[in-house]
Amino acid sequence: MFNYHMAAFYTKWMEDWRDVQGTESIVGNMYDQNFARKSIMSGRIMNNGVLPHTAPTYMGGGGPAWGGIAVSLPWFIYQHEGDTRILDKNFELIKGWLSFLDLNTKDDMLVRFGGSWDFLGDWLWPGATAEGMNNDKPQTVFLNNCYRIFNLRTAAKIARVLHKDKEAKQWEKQAEVSSAAIHAKFYNTDDHSYSDKSMSNLAAALLGEVMPENLKPVIMKRLENEILVVHKGHINVGITGGAMLFKVLRDAGRDDLIYAMTSKTDYPSWGYMKANGATTIWEMWEKDLPGHSLLHSSYLYPGAWYIDGVAGIKRDSQAPGFQRFIVRPPLLTATQMEWAKANMESPAGLIKTAWKRTADGLAMNISVPPNCSAILQLKEDEADITDKSKYIKDLGVKDGFRSFELASGNHVIKTKKI
């Protein structure tokens with residue numbers, strides 16, 4: 001959504017998800033009359049809230065994070081576009097999906113369900129083929145429970161926007177009760193990790209917010225250590241865990257950790273693919289494994305960071321649709337990244353940012369569309385603006401940043417280090 005005009009496509013795709021609800025996935029020959037609609041994962045019509053793992057095709061394996069897009073995608077579209085219709089049209093779909101997960105919940109925790117391809121967790125992490133991608137492992141149960149809780153919390157936000165307080169309260173309560181159960185069972189007190197202590201499960205825990213509030217910074221510090229120390233700045237997640245990881249880090253403003261992983265050129269990394277002649281993204285981190293696709297959508301999750309991290313154009317969660325947005329140059333040193341410039345066609349108009357770090361401070365050009373405003377967030381040691389017009393309002397310090405409100409128009413801003 002940060003890189004392309006996706007509103008129409010995703011609106012249509014959500015219609016596809018509504019169309020397939022009630023039917024399980026198909027893994028096998030759907031034209032075999034002895035198989036189709038009869039066995040587990042043969043496309044049986046269940047007439048409940050179940051979702052297959054793809055829409056509109058029904059085909060292929062997956063898990064709760066596959067069907068769970070029915071909850072998360074409408075919310076992301078609403079945040080980006082500011083249009084509540086996407087929430088309203090898909091509310092019954094969301095209710096049905098969450099009720100299906102409830103059917104497979106015991107003692108406030110999601111339990112394994114379906115066939116051998118119905119409960120995948122993270123997928124194709126470095127070394128996954130050699131380790132064996134067993135979806136019955138406890139860490140898969142943990143990751144899928146975290147995603148269910150993320151679905152519940154997201155659905156509750158949707159219900160609040162639509163003034164459906166009954167459902168909002170129900171899902172908020174379920175999320176809190178299940179979080180407590182998951183935390184009690186899977187939290188490792190010795191090193192503040194979860195389950196198998198992997199990068200993907202640390203990310204899943206933070207995405208679902210399954211820990212008590214006071215432990216969030218501790219778990220984030222543990223994730224930082226996992227990336228920078230245990231894996232020496234390399235990524236160590238697959239398709240599903242990576243999407244969770246990058247969302248968590250983008251939301252937390254951890255440009256340093258994303259930069260560490262995206263700037264590597266040895267295995268496993270995007271740079272390793274490029275160094276080995278890749279012109280598109282591979283299906284696996286490994287090179288030349290049997291069954292290896294060289295054109296795949298496996299590891300696309302850095303894409304949004306080029307806009308909301310490198311360019312610094314961020315959505316404001318309190319103002320969906322970019323009527324107000326946030327500009328924050330990435331929290332990196334000049335050695336890591338000296339400058340960037342970008343244009344973004346937001347739903348509210350064309351946004352432009354350009355920034356450059358110098359020995360003295362920051363130089364920025366920011367274009368705010370008509371009838372919009374921007375909140376510029378700067379590190380306190382870079383927040384001394386030397387030329388401040390009447391169209392820039394100092395909002396003081398908040399959330400660790402010095403903030404300024406920018407009116408519509410083109411702003412040329414220079415700062416000096418304090």
Side-chain angles (χ1 to χ4, degrees), residues 17 21-25 40-41 44 46 48-53 61-73 75 93-123 133-159 167-188 193-198 200-212 219 237-241 243-245 247-248:
W17 283 106
Q21 187 164 47
T23 303
E24 69 175 357
S25 276
I40 294 176
M41 295 207 78
R44 293 174 300 171
M46 311 293 285
N48 57 26
V50 68
L51 286 168
H53 306 309
W66 276 249
I69 197 172
V71 182
S72 56
L73 186 58
W75 180 247
L93 170 73
I94 292 167
K95 284 179 66 174
W97 168 247
L98 294 177
S99 70
F100 168 74
L101 294 183
D102 288 345
L103 294 174
N104 296 282
T105 301
K106 182 179 179 181
D107 298 328
D108 302 311
M109 285 190 284
L110 190 65
V111 296
R112 203 200 181 295
F113 59 80
S116 57
W117 287 89
D118 268 326
F119 205 73
L120 307 182
D122 197 8
W123 192 246
M133 293 171 283
N134 183 347
N135 55 18
D136 289 325
K137 290 180 179 179
Q139 60 260 38
T140 300
V141 174
F142 174 78
L143 185 139
N144 284 335
N145 268 279
C146 289
Y147 198 86
R148 171 180 174 257
I149 293 167
F150 174 63
N151 267 183
L152 287 166
R153 295 194 190 282
T154 304
K157 293 175 184 175
I158 291 171
E167 289 89 347
K169 290 176 182 177
Q170 174 193 337
W171 293 330
E172 287 164 353
K173 183 177 180 180
Q174 283 181 284
E176 292 308 315
V177 171
S178 291
S179 290
I182 288 295
H183 177 76
K185 182 171 182 177
F186 287 97
Y187 181 58
N188 302 310
S193 66
Y194 282 94
S195 187
D196 64 347
K197 307 188 178 187
S198 65
S200 61
N201 276 335
L202 285 163
L206 287 162
L207 181 73
E209 300 178 86
V210 302
M211 69 289 296
I219 306 303
V237 291
I239 298 171
T240 324
M244 296 178 180
L245 173 66
K247 175 164 175 52
V248 164

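- The CD1 atom of Ile69 sits 13.5 Å away from atom NE2 of His53, with the distance rounded to the nearest 0.5 Å.
- Between Lys157 atom NZ and Trp171 atom CH2 the span is 14.0 Å, to the nearest 0.5 Å.
- Annotation: the span from Phe100 atom CZ to Met46 atom CE amounts to 7.0 Å, rounded to 0.5 Å.
- Not one N or O on the side chain of Asn151 forms a donor-acceptor pair closer than 3.5 Å with the backbone of Val71.
- Salt bridge status for Arg148 with Asp102: present, with a side-chain N to carboxylate O gap under 4.0 Å.
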- [ ] Using the side chain to side chain contact (heavy atoms under 4.5 Å, CB included) rule, take Lys137 and Asp196 through it: C-alpha gap first, then chi angles, then the decisive distance, then the call.
- [x] CA-CA 10 Å; Lys137 290 180 179 179; Asp196 64 347; over 6 Å; no
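- Salt bridge annotation for Arg153-Glu176: present, with a cationic side-chain nitrogen under 4.0 angstrom from a carboxylate oxygen.
- Considering Val111, Leu110, Asn104 in turn, Leu110 is the only one that fulfils the side-chain contact (heavy atoms from CB on, under 4.5 Å) rule with Asn144.
- The backbone N or O of Gly62 lies less than 3.5 Å from no partner atom in the side chain of Asp118, so there is not a single donor-acceptor pair.
- The main-chain N or O of Gly121 is found under 3.5 Å from a side-chain atom of Thr240 such that the two form a donor-acceptor pair.
- When atom types are taken as modelled, the side chain of Gln139 and the backbone of Asn201 share no donor-acceptor pair closer than 3.5 angstrom.
- A perpendicular orientation is assigned to the rings of Phe119 and Phe113, their planes being inclined by more than 60° (bins at 30° and 60°).
- The shortest distance between side-chain heavy atoms of Ile182 and Tyr194 does not fall below 4.5 Å.
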